[in-house]
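Working notes, structure below.
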Amino acid sequence: MTQPLLTLSGISKSFPGVRALHDVSLELYPGQVTALIGENGAGKSTLVKILTGIYQPDEGSITVKGEAVSLPTAHAAFGRGITAIHQETVLFDELTVAENVFLGHAPRTRFGLIDWGRMRAEAASLLQSMGAGIDPDVKLKELGIAKKHLVGLARALSIDADIVIMDEPTAALSQKEIEDLYVLVELLKQDGKAILFISHKFDEIYRIADRFTVFRDGEMVGKGMIAETAQDAIVRMMVGRSVDHIYPKTQAQIGETVLTVEGLSHPTEFADISFELKRGEILGFYGLVGAGRTEVMQALFGITRPSAGRITVEGREVAPKSAADAIEAGIVYVPEERGRQGVVIGLPIFQNVSLPSLRRTSGNGVLRLAEEFRLARTYTERLDLRASSLSQDVGTLSGGNQQKVVIAKWLATNPRVIILDEPTKGIDIGSKAAVHAFMSELVGQGLCVIMVSSELPEVMGMSDRIVVMREGRIAGIFDNKGLDPVTLVETAAGIRSQAA
Amino acid sequence: MTDTTNTPHRHIPDRLDNPVKSAVFSWETLLVLVGVAIFTANAFASPYFLNEWSLSDLTFNFTEKAVIALAMALLIISGEIDLSVAAIIALASTLMGMAVQWGVPTPGLVAIGIGVGLACGAFNGFLVTGLKLPSIVVTIGTMSLFRGLSYAILGDQAYGGYPADFSWLGQGYVWWVISFELVFFIAAAIVFWFVLHRTNFGRRIFAIGNNALAAQFSGVRVARIKFVLFCLTGLMSGIAAVMLTARLGSTRPSIAQGWELEVITMVVLGGVSILGGAGSILGVVLAALIMGLVTFGLGLLNVPGIVMSIFIGGLLISVIALPILYRMWKERRQ
Amino acid sequence: MKLITTLAVTTALAAVLAAAPAYAQTRIALVVKSLGNGFFEAAARGAEEAAEEIGDVEIIYTGPTEPTAEAQIEVVNSLIAQQVDAIAISANDPDALVPALQRAMQRGITVISWDSGVAAEGREMHLNPSGNDLIGNTIIKLAADHLPEGGDVAILSATATATNQNIWIEEAEKVLPNYPGINLVATVYGDDQSDKSYREAQGLISSYPELKAIIAPTTVGIVAAAQAVTDAGKIGEINVTGLALPSEMAAHIKSGASHSFAIWNPIDLGYSATHIAYALATDAATAEPGSVIPIGRVGEVTIGEDGQAAMAEPFTYDASNIDEYSSIF
Amino acid sequence: MIRFFKQREVMLLAIIAIIVALVTTRSSGFGTPRNLAAVFNDTAVLAMLACGQLLVILTRSIDLSVAANLALTGMIAAMINAAMPGVPVEVLIVGCVVVGGLLGAFNGVLVWKLNIPPIVVTLGTLTIYRGAVFLVSGGTWVNAVDMSDRFKELTRLVFLGLPMLSWFAIVVIALFVLLMARTSLGRSFYAAGINPTAATYAGIDVGKTKFIAFTISGMVAGLAGYLWVSRYVIASVDVARGLELQVVAACVIGGVSIAGGIGTVGGAVLGALFLGVINNALPVIGVSPFWQMAISGAAIITAVIFNARGERKRGRIILKSAEAA
């Protein structure tokens with residue numbers, strides 16, 4: 001049996017009040033992909049930060065190629081041949097592609113100065129070898145998210161690292177781009193690199209990983225070979241119990257049309273969007289990243305201004321010029337980027353919940369705290385929020401609980417239409433199930449829901465009907481009864497077209 | 001866990017901290033202690049300090065600046081800044097002076113001063129919220145522009161001849177040694193306290209300062225509120241211009257030179273986060289008092305003004321740095 | 001926190017100890033436009049000299065950091081609170097200081113202005129360093145004396161708001177007809193900042209190729225103008241003159257950038273102001289038109305109809321006497 | 001996009017050229033190489049300071065203490081020169097750079113280690129350093145007579161037709177160009193400003209980068225301290241009061257984004273030259289000097305609007321990718 005390229009043993013790390021990792025161990029083998037699996041908050045990100053020199057472990061040892069090492073800085077991790085591709089694209093928008101690839105380890109001239117010519121040439125050949133047609137001279141901000149990921153990957157390859165950490169690399173990628181990524185991972189394996197692959201998606205873990213390690217609550221709870229282990233077994237390790245109903249979709253009574261969108265267009269983002277939404281219905285929006293789904297939703301929510309089209313809610317035409325207008329019209333939006341757009345970190349939970357409803361909780365513009373607490377309690381308890389008090393800063397909550405605060409905030413406004421944009425992205429299985437159950441409950445009460453999701457099982461599991469978008473237009477609208485997932489994927493990718 | 005309807009819900013308390021306890025360990029408490037210490041030190045240092053007229057004169061050292069600081073605090077809490085406030089005073093004062101030459105009576109002068117302030121504030125607000133420009137550079141620009149216009153109008157001249165009843169606004173006493181300026185400042189502080197801490201508008205300012213994008217996504221009309229805050233800051237600068245002009249009885253383009261930095265120092269010293277999202281009116285009022293006490297106290301000892309400014313600068317950095325250093329020291333000991 | 005308290009208490013104690021013996025004395029505050037200006041430092045030395053001469057006088061030399069009226073009012077307020085016996089002020093604004101100084105007078109404090117005046121209702125009398133007409137005439141004469149054939153001259157002033165500079169320029173313009181051939185082409189303002197004055201002087205040099213003299217009735221301006229002329233290689237072509245302290249201009253007299261300049265003696269000015277303030281504060285004299293106040297070694301002044309008095313004629317410095325004075329002030 | 005930014009600098013250069021041309025039609029002496037060299041010489045200090053400020057602004061900070069730093073180091077240099085004329089001027093210059101660097105490093109430490117917002121730190125040190133000038137000098141001036149000839153002459157010596165002051169600026173600007181374009185340190189200022197998180201992952205210590213930026217800005221201010229005092233042969237408390245805002249203005253006019261990460265040495269220098277040309281042109285064309293301030297204010301506002309338009313010129317505006325955190 002081959003020796004591990006990297007071994008972690010007995011690693012512990014605590015933050016004030018939180019034990020992030022306790023006595024965990026991990027081995028990475030050359031030429032193999034090791035999947036790191038765990039719910040959010042299990043300690044995966046902390047581990048990545050320790051491996052890349054951002055955090056220092058309180059206890060434990062790190063061995064690279066049989067040599068005990070310490071990684072005091074990101075630079076030191078570099079030096080040991082460890083590199084990471086992060087969940088989000090952590091790169092530099094204002095710099096060129098070539099510089100993004102080589103920042104910090106650029107080729108030098110004889111005088112120790114940066115050699116721009118060689119840098120460009122090397123970046124170009126690297127990108128070419130990856131099959132990515134990206135001009136090394138353009139600024140990164142000119143690229144779409146998927147291409148940015150490829151640049152991130154090129155950066156990782158340029159470092160010539162032995163150990164590559166991929167932290168949810170497919171989270172923002174489309175199906176086609178994910179396939180391309182798998183090819184690259186194969187190449188890396190053939191090169192003898194050790195890969196740590198972090199993912200929430202079991203299908204991809206089974207597709208590319210050789211080994212797995214499972215974390216739960218900061219501890220290592222299991223490891224083994226993928227080929228020898230069944231999916232349920234891993235899920236049980238992750239959650240400490242078995243999850244039966246991931247998609248508890250119950251059929252609600254479908255009623256009259258609530259929302260009608262006709263010919264909604266925008267100069268650059270989308271065109272000619274028309275659909276209807278009925279009472280008690282969950283309408284899925286599926287498509288590749290960048291297909292324009294979020295932009296359509298934000299237009300309905302008054303954030304982006306459409307250039308043409310009509311929106312009617314319960315027969316009344318609305319033209320939201322701001323989120324405030326949309327809320328008044330009964331349309332609310334749970335954004336994908338929770339931290340930036342969803343919650344106001346720094347304000348306590350109850351103030352987050354009452355923010356859009358202040359007009360109702362106050363008397364003539366004067367705050368009434370008791371009313372706010374009452375409102376917040378009603379909705380957060382209904383969503384089973386886990387918090388020590390309503391005056392707690394919302395920033396101290398986990399991702400899943402923050403999402404509950406956002407949903408509570410909207411329920412408190414008595415909406416007609418709830419738009420959920422990637423509602424379960426980056427939250428743990430437990431909270432995910434709670435969000436799904438709650439969606440079912442909402443439509444049961446006669447609300448209607450639009451759910452934007454890139455997760456095929458989620459879209460298929462939750463929606464009554466599915467709108468597929470491609471390149472800013474609607475490529476098809478499907479009834480979910482007996483729908484073949486292949487149809488959806490092919491429509492989204494433009495392989496198949498359907499007259500809706 | 002997945003069942004959200006039938007099981008009894010977990011109860012979440014409103015608060016955990018005892019409000020009294022959190023009030024005791026607040027920034028404002030620190031400021032009160034600093035203020036009392038300086039007051040006591042002043043009383044010991046100078047036999048002339050504990051005298052009703054001295055204490056009354058002391059208030060003139062800060063009231064006009066503090067009136068602007070009230071509005072500036074709201075603006076900074078919302079995540080913006082206005083460096084042009086002193087220049088607004090210059091322009092407002094200049095136009096009031098111009099109006100005097102045309103024989104405009106006192107009510108008209110006050111209206112002009114406040115109106116010019118409001119217009120300047122609206123101009124800043126338009127540039128920042130309408131054209132989406134960063135407020136720090138916009139107001140560096142308008143700072144030159146407003147004062148520059150004042151220079152262009154006045155040149156080497158000065159305006160004087162303000163009516164006698166006008167000067168009461170800057171020099172008059174409402175009762176005993178209590179000046180009009182002080183009364184106005186206290187009234188304005190109460191109004192601002194109420195608006196910031198007790199109204200929806202104030203709550204929205206905090207939300208914007210913590211996360212403007214999320215606030216916008218929660219239905220807060222961010223641009224409109226920021227615009228109002230710029231107007232408010234301009235308005236208060238206009239009022240400060242009225243009081244200062246009335247107190248001086250003359251207008252020159254160099255009036256209120258350098259006040260913007262003093263006003264911002266006051267706000268930051270008052271515990272308002274320069275990054276936005278946190279702060280209180282009580283803190284700003286206490287900081288204004290402290291700055292008045294320090295400058296007047298050192299003045300009584302005939303300490304040169306420039307040494308006072310070192311003291312203020314040091315105070316600004318140290319009151320912010322000391323709690324951080326203390327926290328670091330405590331963490332290291334653990 | 002603790003540091004601040006300690007500091008404050010220490011300062012307090014030190015001040016109490018220092019201030020204790022001061023009560024019996026006559027306390028005269030010499031308030032200047034701003035601290036850190038060589039001219040006023042020299043005046044303060046004169047005041048100290050007068051205080052020593054008189055005996056039981058304590059001089060409080062003070063002023064704001066920035067030359068603004070608001071800052072000066074704060075200084076005056078703290079002097080009122082200290083119940084000083086007299087305030088002698090060189091004002092940043094003739095009108096703005098009036099209310100504060102009136103309050104001082106109401107509280108029984110003697111108020112006079114010197115150097116840069118306060119409007120009549122804000123002081124008992126004003127001591128001009130010299131007659132405004134004399135100064136106005138002198139600055140033109142200094143230029144004309146070296147221009148027998150006449151020529152273009154320009155004035156580089158301090159801030160556009162400086163009272164005294166403006167009066168002198170006005171007076172200078174009045175006497176211009178007496179100097180045929182002298183042609184005043186421009187008046188610019190350097191704001192008493194060296195870089196701005198320098199740039200304004202450069203502007204004059206390049207805009208007026210026929211320029212023969214720059215007159216700067218302010219000490220920052222004249223130094224900057226002399227430097228600009230030197231740097232432009234125009235020594236001998238353009239004569240820089242005006243009002244300045246000998247120590248500041250010594251180098252330029254020697255280089256030839258300036259043939260001559262004038263100034264009253266700032267030491268004498270501080271000295272005289274102190275004597276007058278003392279005399280008025282102790283009721284040895286009254287401030288009414290016609291009264292004559294002795295001012296020690298400088299002689300005496302007579303208060304005119306407008307409540308003003310002039311100390312002495314400006315004194316001209318050139319290569320022959322510069323060394324003698326440049327080490328004094 | 002690179003092309004676009006280059007274009008912007010060309011545009012600024014063109015605007016400056018047009019102003020020079022227009023002024024020359026009114027006063028023929030203005031456009032002569034001799035006078036333009038004088039204008040450059042006049043702007044040299046501002047341009048150098050703008051380069052230092054560029055580093056600080058790139059890292060999402062601001063340094064308001066540069067002018068006070070300049071005044072303090074200048075005063076110290078002048079006082080040492082007056083007291084000990086024997087100390088070689090070269091030593092004094094190195095001393096100025098060191099003292100200025102230390103003052104800048106003090107700002108940097110407060111920003112780096114205590115995480116105090118830069119605007120608060122430098123607002124505080126601005127008043128402290130300015131006050132310190134008063135304390136060290138006791139309020140007195142250091143005049144031409146007190147300074148040694150070499151101290152005064154060094155900035156004026158003409159070499160290849162330009163005074164040494166201009167050469168100092170040219171060398172400093174050249175060093176900055178080299179630093180920013182060709183060294184990893186230079187690139188790390190951009191990286192730290194564009195995306196601090198990503199910079200950390202790329203092995204850049206963002207706090208330390210800010211510290212270095214403040215230190216370099218301080219070093220430039222220190223050098224400028226000597227140059228200023230030598231050029232205007234006077235050291236006083238009031239030296240260069242208010243210059244800090246002009247320095248920031250030069251950067252803004254030169255297209256440096258106050259949000260960090262965007263800006264070039266060329267832009268900052270051109271921004272300074274723009275202000276220099278305006279300052280020098282007004283007295284020449286006989287515009288009342290009282291208009292100067294209003295004009296430079298209007299120029300700053302126009303430049304900000306112009307810059308913002310440029311930054312916004314993007315293809316697809318997708319909200320969520322606007323700021324890849």
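Convention: sequence-line order gives letters A, B, ...; per-chain numbering from 1.
Heavy atoms closer than 4.5 Å to chain B are found in both the backbone and the side chain of D:Thr125. Of the atoms belonging to D:Ala299, not a single heavy atom falls under 4.5 Å from chain B. Both the backbone and the side chain of D:Ile128 come within less than 4.5 Å of a heavy atom of chain B. When heavy atoms are compared at a cutoff of 4.5 Å, D:Leu114 approaches chain B by way of both its backbone and its side chain. With a 4.5 angstrom heavy-atom cutoff, B:Leu83 does not touch chain D via any of its atoms. D:Val237 touches chain B through its side chain: at least one heavy atom from C-beta onward sits under 4.5 Å away, while N, CA, C and O do not. Residue contact with chain B, scored on non-hydrogen atoms closer than 4.5 Å, involves the backbone and the side chain of D:Val304 alike. At a 4.5 Å heavy-atom cutoff, the contact between B:Val137 and chain D is made by backbone and side-chain atoms alike.
Looking at D:Trp291, its side chain never comes within 3.5 Å of a backbone N or O of B:Tyr151 through a donor-acceptor pair.
Applying the side-chain hydrogen bond (donor to acceptor under 3.5 Å, both in side chains) rule to B:Ser78 yields no partners; only residues at least two apart in sequence or on another chain are considered.
Shown are B:Leu91, B:Val116, B:Ile88; of these, the side chain to side chain contact (heavy atoms under 4.5 Å, CB included) with B:Ser237 is made only by B:Ile88.
With a 6.0 Å cutoff to the six-membered ring centre and a 45° limit on the axis angle, D:Lys210 does not count as a cation-pi contact of D:Trp112.
Atom CZ in D:Phe189 sits 9.5 Å away from atom CG in D:Leu54 (nearest 0.5 Å). A distance of 10.5 Å separates CD1 of D:Ile295 from CG of B:Leu149, quoted to the nearest 0.5 Å.
In this structure, the side chains of B:Asn124 and B:Phe227 stay at 4.5 Å or more apart for every pair of heavy atoms.
Most heavy-atom pairs under 4.5 Å with chain D: of the set B:Thr142, B:Val138, B:Ile81, this distinction falls to B:Thr142. In terms of non-hydrogen atom pairs under 4.5 Å with chain D, the most contact-rich of B:Ile324, B:Ile136, B:Ile140, B:Ile310 is B:Ile310. For the options B:Val268, B:Leu316, B:Leu275, heavy-atom pairs under 4.5 Å to chain D are most numerous at B:Leu316. The candidate with the highest count of non-hydrogen atom pairs below 4.5 Å against chain D, out of B:Leu261, B:Ile153, B:Leu154, B:Thr265, is B:Leu261.
Side chains of D:Ser65 and D:Thr122: no donor on one and acceptor on the other come within 3.5 Å.
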